[in-house]
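Remarks on the structure that follows.
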Amino acid sequence: MKKRFILFITFCVLCISAKGQEDTLRLKSIALVGGAGMNFSFHSADFTALPGIVNCCSGYTGGFGLNPTFLLGAEFFPDGKLFDMSYRYGIRVGYSGANGDLTTEEFSFNKIEGNNVEQVISRHTLTTKLPLIVIEPSLVLYPIENNSLGIIVGLSGGLFMSKTFEQSQEIIQPSNILWLETGSPVKGSASGDIPQAGSLFIAPLIGVRYDIPLSEQWAIIPSITALPQITSFVSSLDWNALHTRAMVEVQYRLAEPQPEKIAPPPPPPPPPAPKRLELAVTLKKANGDIVKDGEKIRFTIATTKTRYSHDAAPILFFRKSSSEISTIIPLSETSSEETAQTSVLIGLVSILKADADSKVELRGISAADESPELAKQRAENVASYLFVQGIDKSQVRITSSSQSGTIREIREELLDEDRSVRIFVNGSLKTIPVVYEKSDKKSDPIQFSFEPIIVAEATPYQAFGKLDFEMRTVQKLDENTRSIAVNPDDLFANSPTKAKLDYALADAEDRRTAAGLGFTFIPDNRETIIENRFGSGMKTDEYILGYFNFDGTDFSAINEEAVKTVREALQVGKKVELYPKTDNFGTGEYNMELAKSRLKSALKLLNTKEESIIIRLDNVQQNYDPSAVSRILHRTVIAKIID
């Protein structure tokens, strides 16, 4: 196959390079044609098995095949017209094919391991080999006068050289399941001749082509044709195909022999050469390529944008016995999650600025080992920060509460969670979405080498030049200047920059000449966006549904956008995995039961049933930096959408 294709391409190149005749040829009304192409077979079927062949498939509906086509023939050029249109007719014979692969996937059974239920999917495959010897009479009509676009009509008939098949049923998901009958992922294998297969292939032929003349005798003809198959592959089955053929033919029109040409007389001798003053300018790129006059030279401006996004818990933490808030958001004594803390205020400012009707309640809280006055001071300091950022005072309400002696006095870490301000937006605790970007632009200098070639027989001579950008001189050149470095900052970043290199030469006899070239710098702005969803190491297809309080089973804060997105995914039939998480307090057994209770809250929030989703109970209890921020981030349920 590859050798034939290479021979065909070589033949086309020879045709293109063939020298045309200077005199008009006397052409015959017949041309030889040969070509190659590909046959795209779109099978249409409605059957479950070949006659007499055992198969448990639910049914084949279609398939696809790719087949090479090779044709040879002749085409005739009549003098008259048909239906008031120029026309040609011809006949071709050759090799083609109607091969196709029919597949269907279906549910086979359930694999049950412990609490996990996984569906087993298998694929039925029917592979056919249907090579053809075809004969194709055709007519070409040219509806537009003096235009090479033609409409092809004709008939394709042929005999099948062989009619074989191979079939099998293979488990494709999961990959580690084997059939009991065979001990492998494949069963139901069969092959051989197709039972009750028809021997004839008949299809009408219709399409378009465009004749591209290379000379008076040679032409290349690309074409696209459609062949809706009339005959069925198997007489007792509903099974045929629509074949679409893309093809390139080479046409050679025969001609009468030409008389021998008489060589023209030799040209007269050239006049004596004048005293020489010559100048040539060559500008080369860094890779050695010569810059052509009028060339467009691309240069790259690389912009890297790091986009940070996070669905933050609506809470801010403070150090023990402190209510201070600074440009760096205060963290609890043991926290290392500065980005998570920072995102809370960034997101809150964005929400309140986007909707002037939004209200926020800042509820300051002090721990049992702190002064109760700290609760109000913390809320007031957060409110002051919002006012500095331009938030209207009417949008902010301040409340406070102080924790008394509870179980939290037993563990110092839990006391850190009470040193906080809880944020209620429009009356409820919701996650706070935050997105912000950092940009970094980079563009390297554009290097050129400059080579003036000077011939000046009347010495001494003077040579000088310049490089202009948009009529603005940026560099002056002389004969000794051999390199140019263009700073991208001198060029337009969002539109082309016209450049011109001018060079002049004057000799001792005051004769002058000049050379130069113009070109254009085209900016190629390439932007790379790095998604960074921080807080639990989230991926772009994972969503935090909300957060829980310590030992809580009901959501204390809900991510409404994430809930909406996951509900919509379930409604259109996508698979969703749920990952309930806990902090590292408590035993593994207790936290597993706590995770299951949080999973029930998630199912209720999504308004779905357990059998509609995939439950992941691995890695429930998280190990991390034991800070108040980190514990909040790990008391959650994560939803992952699987396309």
Side-chain angles (χ1 to χ4, degrees), residues 1 37-71 93-109 120-136 154-173 177-205 225-245:
M1 170 72 78
M38 296 302 294
N39 207 36
F40 302 86
S41 299
F42 301 90
H43 287 243
S44 175
D46 185 11
F47 66 91
T48 58
L50 296 175
I53 305 300
V54 177
N55 190 9
C56 62
C57 174
S58 61
Y60 297 106
T61 59
F64 176 74
L66 189 63
N67 305 277
T69 299
F70 305 95
L71 296 177
V93 296
Y95 170 87
S96 187
N99 302 348
D101 295 340
L102 283 69
T103 62
T104 184
E105 296 180 5
E106 60 184 14
F107 166 80
S108 294
F109 56 89
V120 177
I121 306 300
S122 64
R123 178 190 292 131
H124 293 269
T125 302
L126 177 61
T127 302
T128 62
K129 302 294 184 182
L130 301 164
L132 283 164
I133 297 296
V134 295
I135 181 169
E136 295 183 355
L155 183 69
S156 179
L159 294 173
F160 289 102
M161 300 168 62
S162 64
K163 298 158 283 186
T164 61
F165 79 97
E166 292 180 4
Q167 76 171 29
S168 63
Q169 181 181 1
E170 180 182 7
I171 295 175
I172 61 174
Q173 179 182 339
I177 299 298
L178 306 178
W179 295 109
L180 292 177
E181 300 95 318
T182 62
S184 74
V186 180
K187 74 171 184 176
S189 298
S191 62
D193 292 335
I194 299 176
Q196 301 179 18
S199 59
L200 291 178
F201 172 89
I202 300 175
L205 185 151
T225 53
L227 297 88
Q229 184 175 338
I230 296 176
T231 54
S232 177
F233 291 108
V234 176
S235 58
S236 61
L237 298 180
D238 182 7
W239 179 19
N240 54 23
L242 170 64
H243 308 278
T244 301
R245 179 187 300 164

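Numbering starts at 1 and runs along the sequence shown.
- Rounding to the nearest 0.5 Å gives a distance of 15.5 Å between CZ of F165 and CZ of F233.
- Here L159 contributes atom CG and I133 contributes atom CD1; the two are 8.5 Å apart, rounded to the nearest 0.5 Å.
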- Query: Could you walk me through whether Y60 and H43 pass the ring pair (Phe, Tyr, Trp, His ring centres under 6.0 Å) check?
  - Reply: CA-CA 10 Å; Y60 297 106; H43 287 243; over 10 Å; no
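- Formation of a donor-acceptor pair under 3.5 Å by the W179 side chain with backbone atoms of S184 is not found in this model.
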- Task: Could you please spell out the steps behind the side-chain contact (heavy atoms from CB on, under 4.5 Å) verdict for N240 and S44?
- Result: CA-CA 6 Å; N240 54 23; S44 175; 4.1 Å; yes
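- Using cut-offs of 30° and 60° on the angle between ring planes, the pair F201 and F160 is perpendicular.
- One distance of note links CG of N99 with OG1 of T164; it measures 8.0 Å at 0.5 Å rounding.
- In this structure, CG in L126 is found 11.5 Å from OG1 in T104, a value given to the nearest 0.5 Å.
- Residues I194 and V234 approach most closely at CG2-CG2, 3.6 Å, considering heavy atoms.
- Between F42 and T244, the shortest heavy-atom distance links the atoms CE1-OG1, 4.0 Å.
- Checked against I171 for a side chain to side chain contact (heavy atoms under 4.5 Å, CB included), the options I177, L178, I121 give a single hit: I177.
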- Query: So L227 and E136, side-chain contact (heavy atoms from CB on, under 4.5 Å) or not? Walk me through it.
  - Reply: CA-CA 11 Å; L227 297 88; E136 295 183 355; 4.2 Å; yes
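- Closest of all the heavy-atom pairs between G198 and K163 is O-CD, 3.3 Å.
- Identified under the salt bridge (Lys or Arg N to Asp or Glu O under 4.0 Å) test for residues 183-194, with sequence neighbours left out: E181-K187.
- Between Q229 and T231, the shortest heavy-atom distance links the atoms NE2-O, 2.9 Å.
- Taking each heavy atom of A203 and L155 in turn, the nearest pair found is O-CD1, 3.5 Å.
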- Query: So Y95 and M161, side-chain contact (heavy atoms from CB on, under 4.5 Å) or not? Walk me through it.
  - Reply: CA-CA 10 Å; Y95 170 87; M161 300 168 62; 3.9 Å; yes
- Message: Could you go through N67 and S41, starting from their C-alpha distance and side-chain angles, then the distance that decides it, and tell me whether this counts as side-chain contact (heavy atoms from CB on, under 4.5 Å)?
- Response: CA-CA 8 Å; N67 305 277; S41 299; 3.2 Å; yes
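- Results of the side chain to side chain contact (heavy atoms under 4.5 Å, CB included) test with V134 over L71, T69, V93 single out L71 as the only residue that passes.
- Residues T128 and W239 form a side-chain contact, since some pair of their non-hydrogen atoms from C-beta on lies under 4.5 Å apart.
- Note that the OG atom of S58 and the CD atom of E105 stand 10.5 Å from one another [nearest 0.5 Å].
- Here the side chain of N39 pairs a donor or acceptor atom with the backbone of G97 at under 3.5 angstrom.
- Judged by distance alone, the side chain of Q196 and the main-chain N or O of P51 form no donor-acceptor pair under 3.5 Å.
- Partners of F40 under the ring pair (Phe, Tyr, Trp, His ring centres under 6.0 Å) rule, at least two apart in sequence or in another chain, do not exist in this structure.
- Between the side chain of T48 and the backbone N or O of N55 there is no donor-acceptor pair closer than 3.5 Å.
- Note that OG of S156 is 8.5 Å distant from NE2 of H243, once rounded to the nearest 0.5 Å.
- For the residue pair E166 and S191, the shortest heavy atom distance occurs at CG-CB, 3.8 Å.
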- Evaluate side chain to side chain donor-acceptor pair (under 3.5 Å) for Q167 paired with H124, printing each intermediate quantity in order. CA-CA 7 Å; Q167 76 171 29; H124 293 269; over 6 Å; no
